[in-house]
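Scroll down for the structure; my scribbles are underneath it.
FYI, the numbering just counts along the sequence from 1. No experiment lies behind these values; they were computed from the predicted model shown.
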Amino acid sequence: MRKAKLSYYPAFLQEKGYVKIDRTPVMRDPYSTSKKGANEDVVLSPEQSEAFSQLKALYETGEARGALLYGVTGSGKTSVIKKMIDEVVSNGRSVIVLVPEISLTPQTVSVFCGYYGERVAVIHSNLSAGERFDAYRKIKDGECDVVIGTRSAVFAPVRNLGLIHG
C-alpha cells in the first residue's frame, strides 16, 4: 500500500476520480459593502467652477504641478475634486486620494465609492496582508483607477498616474 503525505491527498483523490478540485480566486475587500457607485453628476457653483478650471489648466500642462484647494468645511471642495477625478479618469489615467490618517479612511471610502464603486482600491497598514495583496493586484491589473490610502498608497502599482490628491 502506498503512503501519501497529507498534502497529496487532494491530488490523490482527484486522480482516483473521487473529487474534483476547482481553484477559484476569492478577493478580500473589507470595503466591498461601500462600493455601490451612484455615478451621479455634480453641479458646481461659479466659485467651484473657477477652481476646477484652474486645476484642469494645471493638469492639462502635462507637467507635475501642485495646487492648494482652500475652503471652509462644507464649501464644496470634495465636489471640485470629484469633478477633477472625473476629468483625469476620463482621459484613461489613474488617481491616488491620500488620507492623513487611517481613521479617516472609511469616511473617504464611502464618499468616493459612492461615485466610483468597484473602481476604488484601498491601501493602508491596518489591512491584512491578504487584503493588501488583493488591492495591489487589482490596481496592477488595471481594475481600479482610483486608489484611496495613507502615505503608503503612493507606492501602489498605479497605471498611468494622472493626479494625487492629498
Side-chain angles (χ1 to χ4, degrees), residues 27-166:
M27 298 303 295
R28 294 157 285 211
D29 186 354
Y31 297 99
S32 62
T33 57
S34 304
K35 297 184 177 178
K36 294 188 175 129
N39 213 7
E40 60 191 50
D41 196 26
V42 174
V43 178
L44 300 180
S45 70
E47 294 84 12
Q48 292 170 323
S49 293
E50 177 60 29
F52 170 71
S53 295
Q54 291 178 16
L55 291 173
K56 184 177 175 187
L58 288 174
Y59 167 71
E60 289 174 342
T61 66
E63 300 174 12
R65 298 292 185 109
L68 173 64
L69 181 59
Y70 178 79
V72 297
T73 301
S75 62
K77 297 180 297 291
T78 302
S79 297
V80 174
I81 293 302
K82 192 264 187 212
K83 204 72 155 164
M84 194 63 218
I85 292 172
D86 289 346
E87 179 69 25
V88 172
V89 298
S90 72
N91 292 325
R93 303 195 68 190
S94 298
V95 175
I96 296 176
V97 178
L98 296 175
V99 292
E101 59 183 76
I102 293 172
S103 64
L104 298 175
T105 305
Q107 175 185 350
T108 306
V109 168
S110 69
V111 168
F112 286 102
C113 282
Y115 296 130
Y116 303 107
E118 292 294 325
R119 295 169 49 197
V120 175
V122 181
I123 301 286
H124 59 71
S125 61
N126 273 5
L127 298 175
S128 71
E131 290 166 339
R132 252 190 319 260
F133 174 81
D134 290 345
Y136 272 83
R137 190 199 57 74
K138 285 176 67 177
I139 296 165
K140 186 174 182 182
D141 291 349
E143 295 175 34
C144 298
D145 51 9
V146 178
V147 177
I148 298 173
T150 53
R151 293 178 306 225
S152 62
V154 298
F155 299 111
V158 174
R159 292 181 173 187
N160 200 11
L161 182 62
L163 174 70
I164 298 177
H165 166 65

Check the orientation of Y116 and F112. Use parallel for under 30°, tilted for 30 to 60°, and perpendicular for over 60°. parallel
To the nearest 0.5 Å, what is the distance between [atom1] on [X] and [atom2] on [Y]?
{"X": "T105", "Y": "L98", "atom1": "OG1", "atom2": "CG", "answer": "10.5 Å"}
{"X": "L104", "Y": "I148", "atom1": "CG", "atom2": "CD1", "answer": "12.0 Å"}
{"X": "L69", "Y": "M84", "atom1": "CG", "atom2": "CE", "answer": "11.0 Å"}
{"X": "F155", "Y": "I96", "atom1": "CZ", "atom2": "CD1", "answer": "10.0 Å"}
{"X": "R137", "Y": "E143", "atom1": "CZ", "atom2": "CD", "answer": "5.0 Å"}

Specify the closest pair of heavy atoms between [X] and [Y], including all atoms of both residues, with the distance to one decimal.
{"X": "A135", "Y": "V122", "value": "CB-O, 3.6 Å"}
{"X": "Y136", "Y": "A156", "value": "CE2-CA, 3.7 Å"}
{"X": "R119", "Y": "V89", "value": "NH2-CG2, 3.3 Å"}
{"X": "L161", "Y": "R93", "value": "O-NH2, 2.5 Å"}
{"X": "G92", "Y": "N160", "value": "O-ND2, 3.3 Å"}
{"X": "R159", "Y": "I139", "value": "CG-O, 4.5 Å"}

Any side-chain heavy atom of [X] within less than 4.5 Å of one from [Y]?
{"X": "K138", "Y": "E118", "result": "yes"}
{"X": "Y115", "Y": "V111", "result": "yes"}
{"X": "S94", "Y": "V147", "result": "no"}
{"X": "Y59", "Y": "V88", "result": "yes"}
{"X": "L44", "Y": "K83", "result": "yes"}

CD (Q107) with more than 12 external heavy atoms under 6.0 Å: no
S53: partners by side chain to side chain donor-acceptor pair (under 3.5 Å), with sequence neighbours left out: none
E101: which residues meet the side chain to side chain donor-acceptor pair (under 3.5 Å) condition with it, sequence neighbours left out? S103
Lys/Arg-Asp/Glu bridge criterion (N-O < 4.0 Å) met for D86, K82: yes
Is the side chain of Q48 donor-acceptor paired with the backbone N or O of G76 at a distance under 3.5 Å, no angle test? yes
